Undergrad: 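Before I ask anything, let me first share the structure, which is written out below as structure tokens.
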Amino acid sequence: MDIRLKKQKDFDAVFSKGKRVYSKTLTLLYIPNNNFKFGISLSKKHGKANIRNRIKRLIRASVREVIKGKTLNNYNVVILPKVLEEYSFIDIKNDVLYTFKKGNIVND
RNA sequence: AGAGACGGUUGUACGGCUGCGGGAAUUAUUAUUCACGAGGAAAGUCCGAGCUUCACAGUAGCAGGGUGCCGGUUAACGGCCGGUGAAGGUGACUUCAAGGAAAGUGCAACAGAAAACUACCGCAACGAAAGUUGUAAGGAUGAAAAGGCGAGGUAAGAGCUCACCGUUCCCAUGGUAACACGGGAAGCAGUGUAAACCCCACCCGAAGCAAGAUAGGAUAUAUAGUAAGAGGCUACGGCGCUAUAUAUCGAUUUAUUCGCUCGAGCCUAUCGGUAACGGUAGGCCUAGAUAGAUAGCCGUAUUAAAUGACAGAACUCGGCUUACAGACCGUCUCGCUCC
RNA sequence: GGAAAAGUACCCAAGAGGCUCAAGGGGCUCCCCUGCUAAGGGAGUAGUACGUUAAUCACGUAGCGCGGGUUCGAAUCCCGCCUUUUCCG
């Protein structure tokens, strides 16, 4: 099943109506929906194309590890990374786990 | 050992577990297995092409744009290779939009008498003087002032005359040519700017894969119009075209599919060529995503170190330009010390 | 992905080869007016950096996004980069 959030309308809805959870490295936005879907939003401020790709890979890998073997509540989620000088996998993974729990998106 | 010039290569490799992208096979709708999966710049979008659409992509001219020493190379180019000339460097070598200023027009601030067929001061002759005539040595201004320098000559001077240098033209030789070298002639009709307009030679239809397949369209009938209409414009050729109404088939949105990867392709050997490049033979198939696939953890090896140096394909090629930690290789230059 | 446009003081900006050249507004500073403020009126700041000076004035050099080139001379012409903005289904 495809868990990627794709449409511009969905992104707009999350940005305008979504609840927010903050952490050191990223911000999480979410609204209720039929399924679980997530997307990532980046701008040119984060760096050139290779850096933006790397951030997306790190977040995707983090989300895969976090949601593995767990039941999910139905939300549309958008992750907004903050502009940092360096991005480490461990910090991002911890923050993904923290924000997902705080937003009540994953069940233990 | 030092300083430097030029050219080239590389941009960690292999393995395990958990995962991603499209593909193939086997299953038979859910899995398994297999091999493959970013770059030298993928970048900037600065040139040149393929491909697609625009009504035909025809001819001539105008407008607009580009290129500009010579020869070669190529599908093509403003690229590349080789040569010539000029400038810079002790040198290896580097840089150069490098045609035309007696086809015409414009511009040259300030200063200076004058910025193009000049004459302020000056010099000389004549004259009582005012001034007239001759002149362009010297002064002064400027980025630039009418070949330079020396001698002769003269009232004073001046290519006025001569030698040398420079310039232009002609001839001979060498070279495919740019040009070089040698000889001769011309007293030198004249500054700079063409990345000012322009002239000359050559080249160019436009838009772009968000193109497009695809569509306010097609077909039929009727009526009307017109020798008109449609590339940036004009003319010619060629083409029946336009408007309205009715009918039928369709379409406008969104999503999907195709375009989408075998190509002026890559590698190796060899032959021709100074080289760019071309020929021949053999081998190879090597990303095709669309919120956009390469990540995480760990081990081994090489190493001075390896944790991204610069950096991510989006239709595809040929170049140019720009970014780039470090490592390695080759050819050559300079002066110094020692043997 | 593709196609265009623009960069000049703190802000908005004119200038399109040469002269007092980096016009002119707004802002800012000071003064007048007022019990105080706003508005209004007047004057100015100097423009940014560096150097000369004890300091001011004054002068010189650089400077129109950055780096080269053409020219006697470049904000202006040409080339290459950088940044910002806009458009295209």
Side-chain angles (χ1 to χ4, degrees):
Chain A
M1 190 180 72
D2 199 354
I3 60 167
R4 290 177 297 176
L5 192 64
K6 289 183 180 178
K7 292 185 182 179
Q8 185 65 43
K9 282 183 184 174
D10 295 338
F11 274 84
D12 290 343
V14 175
F15 274 112
S16 58
K17 299 177 187 170
K19 295 183 179 177
R20 297 181 182 231
V21 181
Y22 300 97
S23 72
K24 276 184 187 175
T25 60
L26 52 87
T27 302
L28 190 78
L29 287 80
Y30 61 98
I31 57 171
N33 194 42
N34 302 332
N35 300 310
F36 172 80
K37 287 188 175 183
F38 85 98
I40 303 160
S41 180
L42 288 157
S43 79
K44 276 192 176 177
K45 286 180 187 172
H46 289 89
K48 299 201 174 186
N50 62 329
I51 294 168
R52 298 202 296 275
N53 274 343
R54 176 161 176 83
I55 295 167
K56 284 194 278 187
R57 281 179 196 139
L58 291 173
I59 291 171
R60 253 187 253 119
S62 305
V63 171
R64 265 186 225 113
E65 291 202 7
V66 165
I67 68 175
K68 191 177 175 185
K70 295 177 180 171
T71 57
L72 294 165
N73 296 324
N74 291 333
Y75 285 105
N76 275 357
V77 175
V78 170
I79 295 169
L80 287 173
K82 295 189 178 174
V83 178
L84 305 170
E85 292 195 356
E86 293 199 354
Y87 298 88
S88 80
F89 176 73
I90 294 169
D91 291 346
I92 289 172
K93 186 181 165 187
N94 287 339
D95 280 342
V96 168
L97 184 63
Y98 166 76
T99 52
F100 271 42
K101 281 188 178 174
K102 187 154 189 181
N104 200 24
I105 292 160
V106 288
N107 300 321
D108 286 326

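These figures come from a predicted structure and were not determined experimentally.
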Undergrad: For A62(C), which nucleotide is its Watson-Crick or G-U wobble mate, given both distances must be under 3.5 Å?
TA: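 Matched A62(C) with U48(C) under the 3.5 Å cut-off.
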
Undergrad: Considering only atom C1', compute the distance from G48(B) to C328(B) and round it to an integer number of Å.
TA: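 It comes out at 36 Å once rounded to the nearest Å.
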
Undergrad: How far, in whole Å, is G11(B) from G40(B) if one measures between their P atoms?
TA: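 That atom pair is separated by 9 Å.
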
Undergrad: For the P atoms, the ones on G72(B) and on A178(B), what distance do you get once it is rounded to whole angstrom?
TA: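 So the two P atoms sit 13 Å from each other.
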
Undergrad: Taking the side chain as every heavy atom from C-beta outward, state whether Asn76(A) and Tyr30(A) have any pair of such atoms under 4.5 Å apart.
TA: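 Of all side-chain heavy-atom pairs linking Tyr30(A) with Asn76(A), none is under 4.5 Å.
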
Undergrad: Using both distances under 3.5 Å as the test, list the Watson-Crick or G-U wobble partner of G153(B), or none.
TA: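 Paired with no nucleotide.
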
Undergrad: Looking just at side-chain N and O atoms, do Asp95(A) and Thr25(A) make a donor-acceptor pair shorter than 3.5 Å?
TA: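 Thr25(A) and Asp95(A) do have a side-chain donor-acceptor pair below 3.5 Å.
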
Undergrad: Could you tell me the Watson-Crick or G-U partner of U37(C), where both distances fall under 3.5 Å? Say none if there is no partner.
TA: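 Here U37(C) is not engaged in any pair, so there is no nucleotide opposite it.
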
Undergrad: Nearest whole Å is fine: how far is C298(B) C1' from Ile90(A) CD1?
TA: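 Nearest whole value for this atom pair: 13 Å.
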
Undergrad: In terms of the nearest nucleotide of RNA chain B, which residue is placed more toward the 5' end: Phe11(A) or Glu65(A)?
TA: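 Mapping each residue to its closest nucleotide by heavy atoms, the 5'-most match is Phe11(A).
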
Undergrad: To the nearest angstrom, how far is Asn53(A) atom CG from G37(B) atom P?
TA: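 The distance from CG of Asn53(A) to P of G37(B) comes to 19 Å, rounded to the nearest Å.
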
Undergrad: Expressed in whole Å, how much space separates the P atoms belonging to U252(B) and G217(B)?
TA: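 U252(B) and G217(B) have their P atoms separated by 14 Å.
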
Undergrad: In whole angstrom, give me the gap between the P atoms of U191(B) and G148(B).
TA: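 So the two P atoms sit 14 Å from each other.
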
Undergrad: Using atom P of each nucleotide, how far apart are A293(B) and G39(B) to the nearest Å?
TA: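 16 Å, rounded to whole Å.
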
Undergrad: Heavy atoms within less than 4.0 Å of RNA chain B: which residues of residues 55-64 of chain A have one? Give them sorted by number.
TA: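 When residues 55-64 of chain A is checked for heavy atoms under 4.0 Å from RNA chain B, the hits, listed by number, are Arg57(A), Leu58(A), Arg60(A), Ala61(A), Arg64(A).
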
Undergrad: State whether Asn50(A) places a side-chain N or O below 4.0 Å from either non-bridging phosphate oxygen (OP1 or OP2) of G312(B).
TA: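 Checking Asn50(A) against G312(B): at least one side-chain N or O falls below 4.0 Å of OP1 or OP2.
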
Undergrad: Under the 5.5 Å and 30° test, is Phe89(A) stacked on the base of A295(B)?
TA: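 Aromatic stack with A295(B) absent for Phe89(A).
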
Undergrad: Report yes if a side-chain nitrogen or oxygen of Arg54(A) is closer than 4.0 Å to either non-bridging phosphate oxygen (OP1 or OP2) of G296(B); otherwise report no.
TA: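 Yes, Arg54(A) has a side-chain N/O under 4.0 Å of OP1/OP2 on G296(B).
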
Undergrad: Does any N or O in the side chain of His46(A) come within less than 3.5 Å of the main-chain N or O of Ile55(A), such that one atom is a donor and the other an acceptor?
TA: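 A pair under 3.5 Å: no.
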
Undergrad: Across all strands, who's sitting opposite A185(B) as a Watson-Crick or G-U wobble pair, both distances under 3.5 Å?
TA: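 Base partner found: U168(B).
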
Undergrad: Using the side-chain contact (heavy atoms from CB on, under 4.5 Å) rule, pick out the option among Leu28(A), Asn73(A), Thr99(A) that qualifies with Ile105(A).
TA: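 The single option meeting the side-chain contact (heavy atoms from CB on, under 4.5 Å) with Ile105(A) is Leu28(A).
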
Undergrad: Examine distances only and state if a side-chain atom of Lys82(A) and a backbone atom of Ser23(A) form a donor-acceptor pair shorter than 3.5 Å.
TA: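 Checked: pair present.
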
Undergrad: Between C69(B) and U270(B), how far apart are the two P atoms, rounded to whole Å?
TA: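 Rounded to whole Å, the distance is 39 Å.
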
Undergrad: Roughly how many Å apart are C120(B) and A87(B), using the P atom of each and rounding to a whole number?
TA: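 The same atom, P, in both gives a distance of 40 Å.
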
Undergrad: Rounded to whole Å, please give me the gap between CD1 in Ile67(A) and C1' in G19(B).
TA: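 Rounded to whole Å, this separation is 12 Å.
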
Undergrad: Rounded to the nearest 0.5 Å, how far apart are CD1 of Ile92(A) and CG of Leu97(A)?
TA: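 One gets 13.5 Å once the value is rounded to the nearest 0.5 Å.
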
Undergrad: Which base sits across from U74(B) as a Watson-Crick or G-U pair, both distances under 3.5 Å?
TA: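 Base-paired to nothing in any strand shown.
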
Undergrad: Just how far, in rounded Å, is C1' of G296(B) from CG of Leu97(A)?
TA: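 After rounding, the reported distance stands at 16 Å.
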
Undergrad: Using purine N1 to pyrimidine N3 plus N6-O4 or O6-N4 for Watson-Crick, or N1-O2 and O6-N3 for G-U wobble, each under 3.5 Å, what pairs with A42(B)?
TA: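 Pair assignment: A42(B) / none.
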
Undergrad: What does A251(B) pair with, Watson-Crick or G-U, if both distances are under 3.5 Å?
TA: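 Its partner is none (no Watson-Crick or G-U wobble pair with both distances under 3.5 Å).
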
Undergrad: Does A111(B) pair with anything, Watson-Crick or G-U wobble, both distances under 3.5 Å, and if so, with which nucleotide?
TA: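 Across all strands, not a single nucleotide pairs with A111(B).
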
Undergrad: Could you give the NZ-to-P distance, from Lys48(A) to A313(B), as a whole number of Å?
TA: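 Distance check: Lys48(A) NZ to A313(B) P gives 12 Å.
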
Undergrad: Give the cluster check for Leu5(A) versus Phe36(A): same hydrophobic cluster or not, with ILVMFWY residues linked at side-chain heavy-atom distances below 4.5 Å.
TA: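 No, Leu5(A) and Phe36(A) fall in different hydrophobic clusters.
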
